[in-house]
Amino acid sequence: MKTRTLLDGFDIEQFQLDLIGWFEKEQRDLPWRKDNDPYKVWVSEIMLQQTKVDTVIPYFNKFIEQFPTLEALAEADEEEVLKAWEGLGYYSRIRNLHAAVKEVKEQYGGKIPDNREQFSKLKGVGPYTTGAVLSIAYGIPEPAVDGNVMRVLSRIFLVWEDIAKTGTRKLFEAIVRQIISRENPSYFNQALMELGALICTPRNPACLLCPVQAHCRALQEGVQTELPVKTKKTSVKQVAIAAAVLKDEHGKVLIHKRDSDGLLANLWEFPNCEVAHSRENPERQLEKFLKEEYGAIVQLEKPFAVLEHVFSHLVWNITVYDGKLVNGFTETEQLKLVDEREISLYAFPASHQRIWREYKEKKTGG
DNA sequence: AACCCGTGGGC
DNA sequence: TGCCCAAGGGT
């Protein structure tokens, strides 16, 4: 007896022709598509993780201008590299990429590995990035399954598995291994993603414009808007933060470098702490924190801003105080007094860029 | 396997 | 406004 499979009745060759033909005609003109330099492909793939194309474009152009080659990035210092990533988010991406690029320079003579075994061992390189770089830069038929590909294929093959679950990706990789073009795996993978971005969108997919509509089982069944199945996450934790812009008698500003692990690792910030919902004033709690943690005696004034900053997994409710640095403290690599002009030299997360913007507006605005 | 890790835009 | 979304990886 024969087992029914997902691919029964599926015309693989025609699908490849329709998909790649559409991509050749309709693909967007993107800066990382000007050549297939493995370094540039790699950088673009890291930047594009969980990040929209429109957001990435200016970062990519500036990054490549600043670090045109793998060697240039490998030799750059950490602060400079982190500054280039400022505002992009998921900062472990750049820390891992920098480490990985150094590894390639030292262990592989600067040549990015062209096989799964070696390339996927590099820091920050997972199953998706491995397939993307190997197929796009080297023409190797490896699956590159991202959110787009899972959405597109779940509709084409009527897959009802929950794509929010970690293990589901493997199912789609198995499908791609069976249908990927051996002649042009680069365009095949890119076309699946491009289709997901332009036509087979999460809501209101443009099925009438779709180059592979004849192959789509979800469209045939009229259930394209019910796929993919994706369970939603629970609501995020709220955290109260008290922060301060502190100046000494010379008008210099106190900034602090965050820990090398965890949230916003290695980025600079204005001194702050989480405040508990206790009877003690937030000001008191912040003063105590600054004294105990930094040895800084401060005079806090009224808060000049209250900001909400939403992360993917938590929310900061930040009360920002104006303040004077009354007593000395020990300046270290992690704790610095800097001139206002020098603030722009340090990499701050978006939340603290907002704090500084509010502060400047308040000062210049009156 | 579930959770941590950013940000900005669309509806 | 609140929620969802985006070319994921590490632990």
Side-chain angles (χ1 to χ4, degrees), chain A residues 23 27-28 30-33 40-60 82 85-97 99-100 119-137 143-152 162-170 172-173 186 189-198 200-205 228 230-239 258-267 269 308-316 347-354:
Chain A
F23 182 71
Q27 65 169 295
R28 290 169 290 180
L30 300 173
W32 47 88
R33 287 181 175 162
K40 292 183 205 163
V41 172
W42 188 6
V43 170
S44 74
E45 291 302 340
I46 299 298
M47 283 190 174
L48 285 161
Q49 288 173 7
Q50 300 292 286
T51 311
K52 291 210 160 61
V53 164
D54 289 346
T55 302
V56 167
I57 289 173
Y59 278 92
F60 177 84
L82 189 58
W85 209 266
E86 182 185 47
L88 248 192
Y90 287 141
Y91 299 95
S92 67
R93 291 185 293 175
I94 186 55
R95 184 174 10 128
N96 288 334
L97 177 61
F119 187 68
S120 65
K121 280 188 188 141
L122 295 167
K123 287 183 181 171
V125 177
Y128 164 75
T129 305
T130 300
V133 173
L134 290 183
S135 64
I136 297 172
V145 175
D146 70 337
N148 284 312
V149 172
M150 289 197 283
R151 182 173 59 258
V152 169
D162 182 0
I163 68 166
K165 293 195 179 240
T166 312
T168 304
R169 193 200 66 251
K170 288 179 179 293
F172 290 102
E173 285 176 347
S186 167
N189 281 340
Q190 291 187 74
L192 277 183
M193 294 187 274
E194 195 83 340
L195 190 67
L198 300 181
C200 194
T201 50
R203 286 161 303 205
N204 303 320
K230 188 179 185 182
T231 56
K232 25 185 171 282
K233 54 182 182 281
T234 57
S235 59
V236 297
K237 184 173 64 169
Q238 303 277 329
V239 177
R258 295 177 62 88
D259 190 80
S260 59
D261 285 321
L263 183 63
L264 305 170
N266 290 334
L267 273 75
E269 65 184 357
E308 181 191 69
H309 191 82
V310 180
F311 297 89
S312 50
H313 60 300
L314 62 88
V315 178
W316 274 355
F348 287 82
S351 51
H352 285 254
Q353 292 180 48
R354 289 174 59 192

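Within 4.0 Å of A:G196, counting heavy atoms only, lies no atom of the nucleic acid at all. Nucleic acid contact for A:R354: none, since no nucleic acid atom lies under 4.0 Å from a heavy atom of the residue. Residue A:W42 is classed as having no contact, given no heavy-atom separation below 4.0 Å to the nucleic acid. Note on A:R258: nothing from the nucleic acid sits closer than 4.0 angstrom, heavy atoms only. In this structure, A:K230 reaches the sugar-phosphate backbone alone: every heavy-atom distance under 4.0 Å involves primed, P, OP1 or OP2 atoms, never a base. Nucleic acid contact class of A:V125 (heavy atoms, under 4.0 Å, all strands): sugar-phosphate only. Among the atoms of the strands shown, none is found under 4.0 Å from any heavy atom of A:L97. Residue contacts for A:S312: at a heavy-atom cut-off of 4.0 Å it reaches a base atom on one of the strands shown.
Along DNA chain B, the stretch of nucleotides lying under 4.0 Å from any heavy atom of chain A spans, 5' to 3', B:dA2 to B:dG8.
Put simply, CG on A:L48 is 12 Å from P on C:dG9, counting in whole angstrom units. C:dG8 atom P lies 9 Å from atom CD of A:E45, rounded to whole Å. Distance A:E173 CD to C:dG8 C1': 12 Å, rounded to the nearest Å. Put simply, CD1 on A:I163 is 11 Å from C1' on C:dC5, counting in whole angstrom units.
Between A:K165 and A:H309, the residue whose closest nucleotide on DNA chain B is further toward the 5' end is A:K165. Between A:T166 and A:S92, the residue whose closest nucleotide on DNA chain B is further toward the 5' end is A:T166.
Residues satisfying the side chain to side chain donor-acceptor pair (under 3.5 Å) test with A:S186, not counting sequence neighbours, are A:Q190. A:R258 meets the salt bridge (charged side-chain N to carboxylate O under 4.0 Å, His left out) test with A:E269; sequence neighbours excluded. Remark: A:F119 engages A:W42 in a ring-ring contact (aromatic ring centres under 6.0 Å, His included) (not counting sequence neighbours). Scanning for side chain to side chain donor-acceptor pair (under 3.5 Å) contacts around A:S260 gives an empty result, with sequence neighbours left out. In this view, A:Q27 and A:F23, A:R33, A:Y187, A:E194 satisfy the side-chain contact (heavy atoms from CB on, under 4.5 Å) rule, not counting sequence neighbours. Legend: residues meeting side-chain contact (heavy atoms from CB on, under 4.5 Å) with A:K121, ordered by chain and number and at least two apart, are absent. Taking the ring-ring contact (aromatic ring centres under 6.0 Å, His included) definition, one finds that A:F311 meets it with A:H309, A:W316, sequence neighbours left out.
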Validation: residues 123-135 of chain A side-chain donor-acceptor distances under 3.5 Å, sequence neighbours left out:
from: A:Y128; atom 1: OH; to: A:E45; atom 2: OE1; distance (Å): 2.6
from: A:T129; atom 1: OG1; to: A:Q49; atom 2: NE2; distance (Å): 3.0
from: A:T130; atom 1: OG1; to: A:G126; atom 2: O; distance (Å): 2.7
from: A:S135; atom 1: OG; to: A:G131; atom 2: O; distance (Å): 2.7
from: A:S135; atom 1: OG; to: A:A132; atom 2: O; distance (Å): 3.2
from: A:S135; atom 1: OG; to: A:N189; atom 2: ND2; distance (Å): 3.0

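Residues from residues 260-267 of chain A with heavy atoms under 4.0 angstrom of DNA chain C: there are none.
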Is there a side chain to side chain contact (heavy atoms under 4.5 Å, CB included) between A:V53 and A:R28? Walk through the geometry before answering. CA-CA 10 Å; A:V53 164; A:R28 290 169 290 180; 4.1 Å; yes

Hey, what are the protein-to-nucleotides 2-4 of chain C N/O distances that come in under 3.5 Å?
none

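Applying the side chain to side chain donor-acceptor pair (under 3.5 Å) test to pairs two or more places apart or on separate chains, those with a residue in residues 85-96 of chain A are A:T51-A:R93, A:K83-A:E86.
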